Amino acid sequence: MGSQLDALNQWVMDVARVTQPDRIQWCDGSDSEFAELVRGMEADGTLLPLNSETHPESWLHRSHPDDVARVEHLTFVCTSEREDAGPNNHWMSPADAHAKMDALFAGCMRGRTMYVIPYCMGPIDSPLARCGVEITDSPYVVANMRIMTRMGAAALARIEREGRFVKGLHSIGELDPERRFIMHFPEELTIQSYGSGYGGNALLGKKCHALRIASHQARSEGWLAEHMLILGVENPQGQTHYIAAAFPSACGKTNLAMLIPPEGYRNEGWKVWTVGDDICWMRPGPDGRLYAINPEAGFFGVAPGTSEKSNPNALATIQRNTIFTNVGLTDDGQPWWEGLDDRKPAFDWRGNAYDCNGPAAHPNARFTVSARQCPSWSPKAEDAQGVPISAIVFGGRRASLVPLVFEARDWKHGVLVGAAMGSETTAAATGAVGVMRRDPMAMKPFCGYNFADYFAHWLSFDKPGAQLPKIFHVNWFRKGEDGKFLWPGFGENLRVLEWMIERVEGRASATDTPIGALPKIGDIRLDGVALSDEARRVLFDFDRAGWQAEVDSLASFLDEFGTRVPVALKNEQARIAAELRNG
């Protein structure tokens, strides 16, 4: 396989010729390499050491104020045919994109070190895992990729063995928002990113590889790359069911992934295990079930709102060996953000003295930390074959109409439920409040090809011999007439997961409706939960007239993707619409 390494070496030399770095460093992922990187970043102010007593081996990074989030409008999928990228993506022809990026990359690493990062997404010996190499001029990216992926010598050895890998080229450039692009070339298994040092724009293993490129790979190879958490629910008898769940941002994904059971459940012996909090790769196993791995080795989580109340496991995870980005700082050098506690920070995320005007932490401030540090981390996250998935859950943020939980009647209906999911806009978003924004399978920003083909790919798993997971939809965010949430959420969500597991095992009852199977209020354990009369009425019922309008609007949404939309999905929509009308 020497020729494969030759091909990698050749690519690295080609990139160096264009970017003209002062030196090239091949990263081996060792402790000594990490320590040296950190020393350099502490010396130039890229990383600020935090209080070593409260947060040992932890640092604060402040990104450029214009470089604080993903930039969807500058993110392109560059397929030969525009239609293959679909209306769900910004498209540019590969020729135009390469020309634009070649001009940006020319000489951009002069005076800098070019780091070559071999990495593996997934357990290093897993047949479900896939490798990549990111070339970058950012030591901050190297440090984060070491936490987020299996990076270094073992990944390089696998690349030598397999001979295929995703090529990622990244430069922070001048951090100029006008010269910032994130380009994906699925047909070439290539990513090029310029002008940002932030998160998903720069850690190319994350959304760029693990979702946009991997979703394209998955389609051609017969698996699924999804924006889903993976958790295990262990019952008092010691049996564990694994659940994959897709939620758009701000819908409590990390909180669910690290859920702590309510006290009554804990006393009975229930446990929740965290396999992953963001990305899930699933493949049919020999028994026809779907098996999943978390391709990531760490969490890149949103800090604001993380607290002892909202997510004690996440808070425990980030007490050491953590890189914080754009959080505030207390006077004794501890990281701080809104929602953490009632202390007053001394400095805001830009490094200015905090004056109480505006938030101290950027709303999208982050932490990067190894998943193994999570108290609920599952050792099964390292299983090469993945964990068997019993249920797939979809859920958006819906203040009205959508009940607490319902079960799709079969796989085809479940795919439609996933395609239809979305959230209602809040006052924080521009435009009208309460407008439905659909985000199919929570993949709107991340699907690397046409959504119509993506829906068809999901439908293709329903074949003879398949033992597919049941599909459910949840809504933790239903509001009452007073504008307050009707369901307490957080740990109490385990009550809903318990009903799902009992449905998987054929033990729980439900009421059939045109939108799916709904639990009656007595089907879910509610001991110790104070629910108002309105909540008891609304959370477990469906509004036929409201759902008629919802399902009718779904038809026009599917039409946005043109003639490629699978006929089976349109027929399923028509079937439910007819049932609602004729019921």
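Predicted, not measured: the structure shown is a model, and the values here were computed from it.
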Exercise. Which is it for Q385 and D383 under the side chain to side chain donor-acceptor pair (under 3.5 Å) test, yes or no, and what are the steps along the way?
Worked result: CA-CA 6 Å; Q385 299 304 320; D383 274 16; over 6 Å; no

Check whether [X] reaches the backbone of [Y] with its side chain - one donor and one acceptor, N or O, closer than 3.5 Å.
X	Y	result
S307	L340	no
E134	V116	no
N321	S370	no
T79	E81	yes
N9	M13	no
D331	A346	no
S215	A225	no
D348	A353	no
S126	P123	no
H61	I323	no

If we count only N and O atoms by modelled type, under 3.5 Å, do the side chains of [X] and [Y] hold a donor and an acceptor together?
X	Y	result
E42	W59	yes
R366	N364	yes
E226	W458	yes
N311	T306	no
D14	Q10	yes

Exercise. Quick one: ring-ring contact (aromatic ring centres under 6.0 Å, His included) pairs with a partner in residues 116-135, sequence neighbours left out?
Worked result: Y119-H209

Would you compute the distance between atom [atom1] of [X] and atom [atom2] of [Y] and round it to the nearest 0.5 angstrom?
X	Y	atom1	atom2	answer
S30	L37	OG	CG	9.0 Å
M421	M436	CE	CE	9.5 Å
M145	T368	CE	OG1	11.5 Å
F247	F394	CZ	CZ	10.5 Å
S58	F367	OG	CZ	12.0 Å
I117	L204	CD1	CG	8.5 Å

Problem set entry | From CA spacing to verdict: salt bridge (Lys or Arg N to Asp or Glu O under 4.0 Å), D31, R146 | CA-CA 10 Å; D31 291 346; R146 184 178 187 261; 2.6 Å; yes

List for me each residue that meets side-chain hydrogen bond (donor to acceptor under 3.5 Å, both in side chains) alongside [X], sequence neighbours excluded, and say none if there are none.
X	answer
S220	none
E36	none
Y140	T325
H216	none

For this session: Show your reasoning for whether salt bridge (Lys or Arg N to Asp or Glu O under 4.0 Å) applies to R130 and E221.
Result: CA-CA 12 Å; R130 293 287 178 272; E221 296 174 7; 2.8 Å; yes

Problem set entry | side-chain contact (heavy atoms from CB on, under 4.5 Å) evaluation trace for H227 with K253 | CA-CA 10 Å; H227 185 209; K253 252 174 99 189; 3.0 Å; yes

For this session: Kindly write out the residues that satisfy side-chain contact (heavy atoms from CB on, under 4.5 Å) with F76, not counting sequence neighbours, or none if the list is empty.
Result: C78, H90, M92, F181, M183

For this session: Please list, chain by chain and in numerical order, all residues satisfying side-chain contact (heavy atoms from CB on, under 4.5 Å) with E53, sequence neighbours excluded.
Result: N51

For this session: Quick one: do L231 and V275 satisfy side-chain contact (heavy atoms from CB on, under 4.5 Å)? Show the steps, please.
Result: CA-CA 5 Å; L231 62 79; V275 177; over 6 Å; no

Ion pair check, [X] and [Y], cut-off under 4.0 Å:
X	Y	answer
R70	E72	yes
R112	D137	yes
R564	D84	yes

Problem set entry | Minimum-distance pair of heavy atoms, taken over all atoms of N313 and C374 | CB-SG, 4.2 Å

Seminar exercise, completed: Minimal heavy-atom distance between M121 and G205, with the atoms involved, is CE-O, 3.1 Å

For this session: Evaluate the criterion side chain to side chain donor-acceptor pair (under 3.5 Å) for residue pair Y198 and N326; output intermediate values, then yes/no.
Result: CA-CA 10 Å; Y198 178 82; N326 295 338; 5.9 Å; no

For this session: Carefully, step by step, assess F451 and F561 under the rule ring-ring contact (aromatic ring centres under 6.0 Å, His included).
Result: CA-CA 7 Å; F451 258 153; F561 301 99; 5.7 Å; yes

Can you name the salt bridge (charged side-chain N to carboxylate O under 4.0 Å, His left out) partners of [X], sequence neighbours left out?
X	value
D341	R343
K207	D278
D44	none
R372	E382

For this session: Mind jotting down which residue pairs meet the side-chain hydrogen bond (donor to acceptor under 3.5 Å, both in side chains) criterion with at least one end in residues 182-196? Sequence neighbours excluded, please.
Result: D67-S196, S80-E187, H98-E188, E174-Y194, H184-R212, S196-N201

For this session: Classify the ring geometry between W11 and F165 as parallel (under 30°), tilted (30 to 60°) or perpendicular (over 60°).
Result: tilted

For this session: Before giving the answer on side-chain contact (heavy atoms from CB on, under 4.5 Å), spell out for F446 and M443 the whole-Å C-alpha distance, their side-chain angles and the decisive distance to 0.1 Å.
Result: CA-CA 5 Å; F446 308 121; M443 283 287 280; 4.1 Å; yes

For this session: Check whether more than 12 heavy atoms from other residues, nucleotides or ligands sit under 6.0 Å from atom CZ of F300, and answer yes or no.
Result: yes

For this session: Would you please test S423 and R437 for side chain to side chain donor-acceptor pair (under 3.5 Å) and show each step?
Result: CA-CA 6 Å; S423 296; R437 290 207 177 137; over 6 Å; no

